[in-house]
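Report on one structure; see the data block that follows.
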Amino acid sequence: MPALVRPDMAYMASYVDALHEGYSRDSLRPETPQMIAQIAREPAWFIRMVRDPPTTIVLPDASLGERVPETEFWWIEGDAFLGSVSVRHRLNDILESWGGHIGYAVRPAARGQGHATAMLAGMLDHVRENLPLERVTLTVNLNNPASARVIEKNGGVFRDEIPHPWIEGDVGRRYWIDLR
Ligand SMILES: CC(C)(COP(=O)(O)OP(=O)(O)OC[C@H]1O[C@@H](n2cnc3c(N)ncnc32)[C@H](O)[C@@H]1OP(=O)(O)O)[C@@H](O)C(=O)NCCC(=O)NCCS
C-alpha cells in the first residue's frame with residue numbers, strides 16, 4: 001500500500017523516471033527537457049526547493065507573483081514515486097478563483113488505479129490534523145473529468161464555473177470539500 005511521505009533523496013531516481021515518462025509538476029506548464037536534466041543533475045537542490053519553496057513564483061503570464069506557504073507530499077510505494085499532492089496553507093485572490101488549496105498529479109504509468117483518489121483522501125486527513133481550515137477549495141478544468149471525479153469521490157461539492165485566468169475561453173469548475 002503506498003503512503004504519503006515528504007520528498008526525499010531516496011525517491012529521486014524514480015521521480016526523474018516519472019518526469020521522463022510525462023509526469024509534470026504543473027498542469028499548465030509541461031516540464032522542459034532542460035528542467036528535467038537540471039533536476040536529474042542536482043537532486044539535493046531540488047529536494048531542498050520542494051521542501052522549502054521560494055516565496056515568489058513566475059506566473060503563466062511571466063509576471064512575478066506571491067507563492068503562498070505550501071506543503072508537498074509524494075505518494076510512494078517501496079522506493080517508487082507514483083504521484084504528488086500539495087496543499088496551500090491559505091489562498092490569495094488569484095488562487096481563490098483558480099488553483100485552490102490542493103493540487104495533485106499521478107505519473108502516467110500509474111493512472112487509473114485509484115491513486116489520486118487515495119492521495120487526496122490522505123491529504124484531507126493531513127489538513128484536518130494540521131491546518132486550521134474549515135473547508136478547502138479545489139479547481140479543475142472542464143476537460144479533466146478524471147480529476148473532477150477524484151474530487152467528487154472525496155466529498156467535493158460543486159460550487160461554480162469560473163473563467164480560466166490564463167487560458168482565454170477556457171472554463172473551470174470550482175469545488176468545496178468541508179473538513180469539519
Ligand atoms: C487527474 C489524475 C490526477 C487522475 O489520477 P488517477 O490516479 O488516474 O485517478 P483515480 O484512478 O484515483 O480516479 C480517476 C477517476 O476518474 C475516472 N475517469 C478517468 N477518466 C475519465 C473520463 N475521461 N471521464 C470521466 N471519468 C474518468 C476513473 O474512472 C476514476 O473514477 P472511478 O474510480 O469512479 O472509476 C491524473 O490523470 C493526472 O495526474 N493528470 C495530470 C495532472 C492533473 O490533471 N492533475 C489534476 C489537476 S486539477
Side-chain angles (χ1 to χ4, degrees), residues 1-5 7 11 14-33 35-36 39 50 53 57 59-60 65 67-68 70-78 80-92 94-127 133 135-179:
M1 172 72 182
L4 285 182
V5 303
Y11 317 118
S14 179
Y15 188 90
V16 170
D17 280 349
L19 290 170
H20 285 297
E21 190 179 291
Y23 162 81
S24 174
R25 293 169 297 149
D26 183 338
S27 52
L28 280 179
R29 290 173 285 190
E31 303 291 347
T32 62
M35 185 44 108
I36 295 174
I39 293 171
V50 175
I57 184 168
L59 297 169
R67 182 194 273 274
V68 303
E70 187 172 354
T71 303
E72 177 165 326
F73 289 95
W74 288 357
W75 189 236
I76 298 289
E77 184 156 40
F81 170 88
L82 301 178
S84 67
V85 57
S86 64
V87 59
R88 298 176 174 119
H89 300 191
R90 62 178 171 79
L91 299 182
N92 57 24
I94 295 176
L95 293 166
E96 185 66 54
S97 69
W98 191 269
H101 287 98
I102 297 178
Y104 44 80
V106 172
R107 68 187 291 172
R111 289 180 189 163
Q113 300 166 38
H115 290 308
T117 305
M119 277 197 313
L120 178 55
M123 176 55 101
L124 294 172
D125 287 342
H126 169 82
V127 174
L133 297 172
R135 58 171 43 162
V136 285
T137 295
L138 293 95
T139 63
V140 58
N141 274 70
L142 281 187
N143 65 6
N144 199 345
S147 184
R149 181 86 188 107
V150 167
I151 295 170
E152 284 160 4
K153 284 198 290 181
N154 275 284
V157 176
F158 174 68
R159 185 172 158 192
D160 51 14
E161 286 194 352
I162 35 163
H164 198 298
W166 313 115
I167 304 173
E168 205 171 323
D170 202 356
V171 173
R173 290 166 74 82
R174 206 155 48 152
Y175 287 85
W176 271 325
I177 300 179
D178 281 318
L179 297 174

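For the single chain, residues carry numbers from 1 onward in sequence order. FYI, side chains are in, hydrogens and waters are out, and symmetry mates aren't considered; it's all heavy atoms of this structure. In each ligand, atom 1 is the first atom listed, and ligand 1 is the first ligand listed.
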In the protein, what heavy atom is nearest to [atom], and what distance, to one decimal place, separates them?
| atom | answer |
| --- | --- |
| atom 39 (O) of ligand 1 | V106 N, 2.7 Å |
| atom 11 (O) of ligand 1 | G114 N, 2.8 Å |
| atom 25 (C) of ligand 1 | P145 CB, 3.6 Å |
| atom 8 (O) of ligand 1 | G112 N, 2.7 Å |
| atom 27 (C) of ligand 1 | A146 CA, 3.8 Å |
| atom 45 (N) of ligand 1 | Y104 O, 2.8 Å |
| atom 41 (C) of ligand 1 | R111 NH2, 3.5 Å |

Quick one: does [X] get an N or O within less than 3.5 Å of an N or O on ligand 1?
| X | answer |
| --- | --- |
| A110 | no |
| S147 | no |
| V140 | no |
| N144 | yes |

Side chain proximity check, [X] to [Y], heavy atoms < 4.5 angstrom:
| X | Y | result |
| --- | --- | --- |
| H164 | L28 | yes |
| M119 | L4 | yes |
| I94 | L59 | yes |
| P163 | W98 | no |
| W75 | V106 | no |
| R107 | D17 | yes |
| I102 | V85 | yes |

For the residue pair Y15 and F81, is the inter-centroid distance of their aromatic rings smaller than 6.0 Å?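 Yes, ring centres under 6.0 Å apart.
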Is it the case that more than 12 heavy atoms not belonging to E161 sit under 6.0 Å from its CD atom? yes
Tell me if a side-chain donor or acceptor on [X] pairs with a main-chain N or O of [Y] at a distance below 3.5 Å.
| X | Y | result |
| --- | --- | --- |
| E21 | A109 | yes |
| H101 | T137 | yes |
| E31 | R25 | yes |

Ignoring hydrogens, tell whether any protein atom lies closer than 4.0 Å to atom 3 (C) of ligand 1; use the non-hydrogen atoms only.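 True for atom 3 (C) of ligand 1.
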Less than 4.0 Å between atom 29 (O) of ligand 1 and some protein heavy atom, yes or no? no
So if I count the atoms of ligand 1 from 1 in the order they appear, which ones are less than 4.0 Å from some heavy atom of [X]?
| X | answer |
| --- | --- |
| A105 | 39 (O), 42 (C) |
| A116 | 3 (C), 4 (C), 5 (O), 6 (P), 7 (O), 9 (O), 12 (O) |
| T117 | 10 (P), 12 (O), 13 (O) |
| T139 | 48 (S) |

Option nearest atom 32 (P) of ligand 1 (shortest heavy-atom distance, choices K153, R25, Q113): K153
Report the part of [X] (side chain from C-beta onward, or backbone N, CA, C, O) that has a heavy atom under 4.0 Å from ligand 1; answer both or neither where that applies.
| X | result |
| --- | --- |
| V150 | side chain |
| R149 | side chain |
| Y23 | neither |

Calculate, to the nearest 0.5 Å, the distance between atoms CD1 and CZ belonging to I151 and R173 respectively. 9.5 Å
